[in-house]
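Only one structure is covered here, and it is reproduced in the block below.
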Amino acid sequence: MADAPTDESAYRRLVEPHRPELLAHCYRMLGSAHDAEEALQEALLRAWRGMAKFERRSSLRSWLYRIATNTSLDIIDRRPEKKVLPLDHGPATDPHDGPGAPLVESIWVEPYPDAQLGMADGLASPEARYEQREGVELAFIAVLQHLPPSQRAVLILREVLGFSAREVAATLETTEAAVNSALQRARKAVDELALPEQSQQETLRTLGDDRLREIVEAYADAWERGDVDAVAAMLAEDAVLAMPPMPTWFRGIDDVLVFIRDWAFSGRVYEAIGRRRVKVIPTRANGQIAFGTYSWDIEQETHLPTVLQVLTLRGSEIVEIMGFVEPSAFRRFGLPDEIPA
């Protein structure tokens with residue numbers, strides 16, 4: 001490698017190719033797209049300030065991951081609250097009571113756009129257990145947040161990114177024996193937290209592009225038309241629906257359909273405009289199929305963002321609808337700010 005760059009533009013050219021994968025790494029550590037962006041900015045500033053001391057005993061990529069990992073750990077120390085999904089926050093609720101009030105605390109796992117994943121193709125060693133896209137699926141991100149921070153870092157670095165025990169020990173300033181011990185404890189905890197038997201990546205590959213396209217088109221059409229029966233035909237019997245930042249969630253097809261019929265598709269929600277007017281745009285989040293949902297705003301006379309839905313499939317059935325009521329996230333997914341009539 002040439003001498004460390006002494007001007008900011010040269011530094012940016014050097015680190016920019018690594019930015020997407022580092023951002024995805026910070027997201028895995030923190031469970032929040034917003035916090036990940038903050039962590040990456042802080043990490044890159046630390047790297048710039050320390051560039052003159054970079055001794056090239058490791059690759060630039062490994063060095064940047066070391067800084068990004070420790071920056072994320074510092075943020076976790078400053079904000080010790082655990083990121084969760086509603087399913088981990090409390091018991092299922094009665095769908096007749098509606099969605100309830102949102103929590104003001106920022107405790108929720110957030111969705112992450114596939115377009116920002118920054119896959120480091122060919123760089124993970126064969127010993128990495130998880131594909132990098134599997135490493136951002138909602139179920140996996142939620143499980144990661146239950147691990148102690150150091151175990152979380154070890155599991156991600158070893159089993160998603162494929163760094164060696166020696167490299168991880170250098171990153172965390174510990175011993176290889178400590179890394180291996182932390183990895184064993186992290187694996188045990190993940191097994192006990194019971195990830196789905198099949199990842200979404202495996203499910204999507206099994207379905208194939210044509211069948212997946214049919215599912216996406218059918219769901220978008222059913223949601224736009226407000227067709228409860230069409231949605232019902234796509235749901236698994238044990239389907240779950242949740243809507244962070246509301247802590248309420250519903251389990252089982254009967255309860256999910258009660259909420260969809262009485263609230264999501266109900267005319268009372270749209271009384272001011274006389275009828276339900278919704279637009280849906282497919283996208284991808286967390287390596288899963290997703291949809292940006294827009295509802296008609298009578299004052300602005302346009303469709304505005306309402307809910308970003310991330311679906312989890314089991315076979316061709318929908319087993320989970322995670323509806324993030326976070327309109328500000330739509331731009332992160334490249335979705336429009338509005339959809340005209």
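- Around CZ of Arg331, the count of heavy atoms belonging to other residues, nucleotides or ligands within 6.0 Å does not exceed 12.
- Residues passing the side-chain contact (heavy atoms from CB on, under 4.5 Å) test with Pro17: none are found, sequence neighbours excluded.
- The shortest distance between side-chain heavy atoms of Pro86 and Pro247 does not fall below 4.5 Å.
- If you check the side chains of Arg46 and Thr71, you find a donor sitting under 3.5 Å from an acceptor.
- Just one residue in the list Asp262, Leu257, Val258 forms a side-chain contact (heavy atoms from CB on, under 4.5 Å) with Val228, and that residue is Leu257.
- By the 30° and 60° cut-offs, the orientation of the rings of Tyr11 relative to Trp48 is tilted.
- As a member of the Ile/Leu/Val/Met/Phe/Trp/Tyr network built from side-chain separations under 4.5 Å, Trp108 groups with Val84, Leu103, Ile107.
- Side-chain contact check for Glu137 and Gln201: at least one donor-acceptor pair (N or O, by modelled atom type) lies under 3.5 Å.
- Remark: the Tyr65 side chain and the Glu21 side chain contain an N/O donor-acceptor pair separated by less than 3.5 Å.
- Annotation for Leu155 and Phe140: closest pair CD2-CZ, 4.3 Å, computed over non-hydrogen atoms.
- Of the N and O atoms on the side chains of Arg66 and Ser62, not one donor lies less than 3.5 Å from an acceptor on the other residue.
- A donor atom on one side chain and an acceptor atom on the other are not found under 3.5 Å apart for Gln200 and Thr312.
- Every residue two or more places apart in sequence or in another chain was checked for a ring pair (Phe, Tyr, Trp, His ring centres under 6.0 Å) with His18, and none qualifies.
- Between Arg205 and Glu131, at least one side-chain N (NZ, or NE/NH1/NH2) sits under 4.0 Å from a carboxylate O, which counts as a salt bridge.
- For the side-chain contact (heavy atoms from CB on, under 4.5 Å) test with Val278, the passing option among Trp223, Phe265, Tyr294 is Trp223; the others fail.
- In this model, a donor atom of one side chain and an acceptor atom of the other lie less than 3.5 Å apart for Ser164 and Glu167.
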